[in-house]
Amino acid sequence: MNFKNDGPARVNEATLFALLGLLCFAGVLMSFLLGQVKIPLSEVFNFFFSSKNMMAPFSLYNDILRIRLSRIAVAFITGGGLSLAGVIYQSALNNFLADPFMLGVSAGAALFSAIAISLGLTSSVMITAFAFSGAILSVVFVILISGFKKFSSYNLILSGIALNSFFSSFLTVVMYLSKDMQNIFFWLMGSLTVRHPEQIAYTYIIVAAAGAFVLRYSHMLDILKLNEKTVFSLGVDSAAWKIRFILVASVVSAVIVSQTGIIGFVGLIVPHAARIIIGDRHSVLVPFAFITGGTMLIYCDLISRIIINSMDISIGVITSIVGAPFFILLLYGSKKRGA
Amino acid sequence: MDKKIVFEARNLEYSFEGLSSPVLRNINFSIYSGETIAIVGPNGTGKSTLINLMLGYLKDYRGSLKFFDEEISGWDAEKLAAVRGFIPQENEADLRMSVIDYLRLSKADPARMTSAEIVSILSGMGIAQFADRSISSLSGGESRMVQLAFTLSRKPEVLLLDEPISFLDVSNQKKFFDMIKSDSAQSGTTVVAILHDLNAAAYYADRIMLVCNGEVVKFGTPNEVVNYKTLGSVFFTGGPESPEPAVSKNTGLRAHVVCGGGSGAEIIKTLISCGFTVTAGVLNAGDSDWNLCLKSGIKMAEEEPFKGITEENYNKNVSFIRESDVIAVCEFPLGAGNLKNLRFIEEKGLCDGKTILSGLSGKSGFDYTGGLCAPLVDAINERSLRFSDSSEFRTAIDEIVKSRTGSHL
């Protein structure tokens, strides 16, 4: 236990947000400029500010920029959404190892999308629809199983683990039987290429709605982190609030997983990093973790495009390679401060 | 003015699922508004279960437990929250959140307190300096005071505490309970607390409920409950006996041990194993050294907690000292209540020809008398052999045995 840690309470939150915003902006800008094709700043400027002007000169860069814009938008909402879901899961379940995929979201999505692919329903809309249904179904299933006796975070997590491994085994069977194993495997690796702009828009709308709900009731997330009997003594129905938050986080994770496949690590590590930096108060932590996650994925995507130079190597691999050392440094730093 | 009944238990019984014998049975009591009640008793006797029932946290009990005239199982959590507050045994140690933000959560609804209100609550308790500190940076005692502020800011009519002071040192225990007492005096709060420390229970509570093996053995004023007859019967029925120390041949030497709070255990065992006949005192009933002496059949001068040492028991102690060859003074917390234990040094001729062994360091950590004990500590140390741990004590005792009996062990 560290009693001497001065804690983040005194750190100026506004400064941290400003720094994060700057970092995010720089990431977005670099993502437009850099890649296999380097695009001059003026063209990026034109793309945004002259495109509505019918007299604007036709630019060869515009198509590339449109693709990059879409990737940036997807990277940001994916990283942000998964981090948002991670914060909610960790606080609502009061478990530091909880992540957006703990309650079967990923397993359900993976199994159902694999089924869709092996049935020959390979359009991205179909796969997305199947994956989303699978994800939501598993979470509802997990909540129901764990609620059979007495609802508790402990039961919920155990049920999630059981369902995860059950669905994963089924997935192996489906992949084995399917003729289209490569396609399934490719989906499982996760990718930031989303073909339909409407899908991106829907994701933003859903994540925004979830974010608004969480911000409105952020003090409930604060309270759920307190001692269980203290929470009871405040008259808060912790089980009902846990289920509400878990459902919201699950919808967010399901929407994201259904479009990008499984991108691990972000939803587990970013919330922890954000807590270390800005503290446990959710009205601040939630937006901070959201932007941190979004920014992190933008940089990971950038790195994959510049260094690895192959557009669709699993983004999940990059997030781990880039994120893990950074996180260990942060953890080490905070422990040292606490000593 | 007749007082309202806050809690009323009639034939209350509770069993955990799957266990055949009930943890609580045949519980009957009434607690009135404005009272401060301490629940005491050995570990695992159902104290926590009882407080969880009174909290409304456990529901499926048998018999009746009424809270303000209504079965507590019929109260919903929100209604309960409006009238009663609770402090758990554990601190919120890992919360990375400022004290102000933490206190804001005490009102679970969105219409929360302003920072100014919170700061005024904190300064009312004399802890405004913590306002901007992170919860995780507070010490155990500070954290407890902040939890108390959290709970009192809800202005509960009834306050339930589950071993609130177990991890606090004596001065923080006092601060904590003084705050509760002053709140209770101002607003008439009813307080029910599980306490491990019998001295604190006797000192702070109006009435003490002694729970043993799932039953209320005794419920009355501190004088009625905290005496060595009652406590002895509860704490030592069927409990595991501590192994008797190996005794070597009796040297015929006598030693008197001045100790308290567990400081005497090693010393007493060493003396017995070296063949001494040991006496001790003056010890408070319920104190862990008192437990040891009671179990081991060591003669002692004893006193009921927080009465201060009476002349009668002081004289009994002096007579023990008079008969002994060696006086061992252990390092133990000195307060106004037990300061008298050091006065033997001022008795004319009492210590002549005796060897005094002193473990007193004179460090302020053991001084709760505000410096009053310093002259006595100095006087004792001046004519003592000093020891700082049990192995040094053992060496000194071996020397004494050698010189006094002409043999060594």
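Chain A is the first sequence line, chain B the second, and so forth, proteins listed ahead of strands; every chain is numbered from 1. Because the structure is a prediction, the values reported are computed rather than measured.
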Whether over 12 other heavy atoms sit under 6.0 Å from A:Phe166 CZ: no
Sequence neighbours left out, what passes ring-ring contact (aromatic ring centres under 6.0 Å, His included) with A:Tyr299? Give chain and number order. none
Which distance, rounded to the nearest 0.5 Å, do you find between the CG of B:Asp101 and the NE2 of A:His282? 12.0 Å
If you take all heavy atoms of A:Asn227 and B:Glu92, which pair is closest and at what distance? N-OE2, 2.9 Å
Under the rule for side chain to side chain donor-acceptor pair (under 3.5 Å), what residues qualify as partners of B:Lys174, not counting sequence neighbours? B:Asp178
How about NZ on A:Lys225, more than 12 heavy atoms from neighbouring residues, nucleotides or ligands closer than 6.0 Å, or not? yes
Measuring from B:Leu95:CG to A:Arg281:CZ, what's the distance to the nearest 0.5 Å? 11.5 Å
Please round to the nearest 0.5 Å and tell me the distance separating atom CG of A:Asp280 and atom OG of B:Ser98. 11.5 Å
Using side-chain heavy atoms (C-beta onward) and a distance below 4.5 Å, is A:Asp237 in contact with B:Glu78? no
Decide if atom CZ of B:Phe68 counts as having more than 12 heavy atoms of other residues, nucleotides or ligands within a radius under 6.0 Å. yes
Pairwise side-chain contact, A:Leu234 with B:Arg154, heavy-atom cut-off 4.5 Å (strictly under): yes
Starting at CG of B:Leu160, measure out to OG of A:Ser233 and round the result to the nearest 0.5 Å. 9.0 Å
If every non-hydrogen atom of B:Ala81 is compared with every non-hydrogen atom of A:Gly235, which pair is closest and at what distance? CB-N, 3.4 Å
Any side-chain heavy atom of B:Asn52 within less than 4.5 Å of one from A:Phe232? no
Around B:Asp76, counting heavy atoms of other residues, nucleotides and ligands shown, do more than 12 lie under 6.0 Å from its CG? yes
With rounding to the nearest 0.5 Å, note down the distance linking NZ in A:Lys229 to CD in B:Gln89. 8.0 Å
In terms of heavy-atom contacts, B:Leu105 and A:Ile223 come closest through O-CD1, 3.8 Å
Heavy atoms from other residues, nucleotides or ligands near CZ of A:Phe213 exceed 12 (cutoff 6.0 Å): yes
Crowding at OH, A:Tyr204 (>12 non-hydrogen neighbours, <6.0 Å): yes
If you define the side chain from C-beta out and look only at heavy atoms, does anything of A:Arg275 sit under 4.5 Å from B:Arg96? yes
Any side-chain heavy-atom pair from B:Tyr102 and A:Leu226 closer than 4.5 angstrom? yes
Could you check whether atom NZ of B:Lys79 has more than 12 heavy atoms from other residues, nucleotides or ligands sitting under 6.0 Å from it? yes
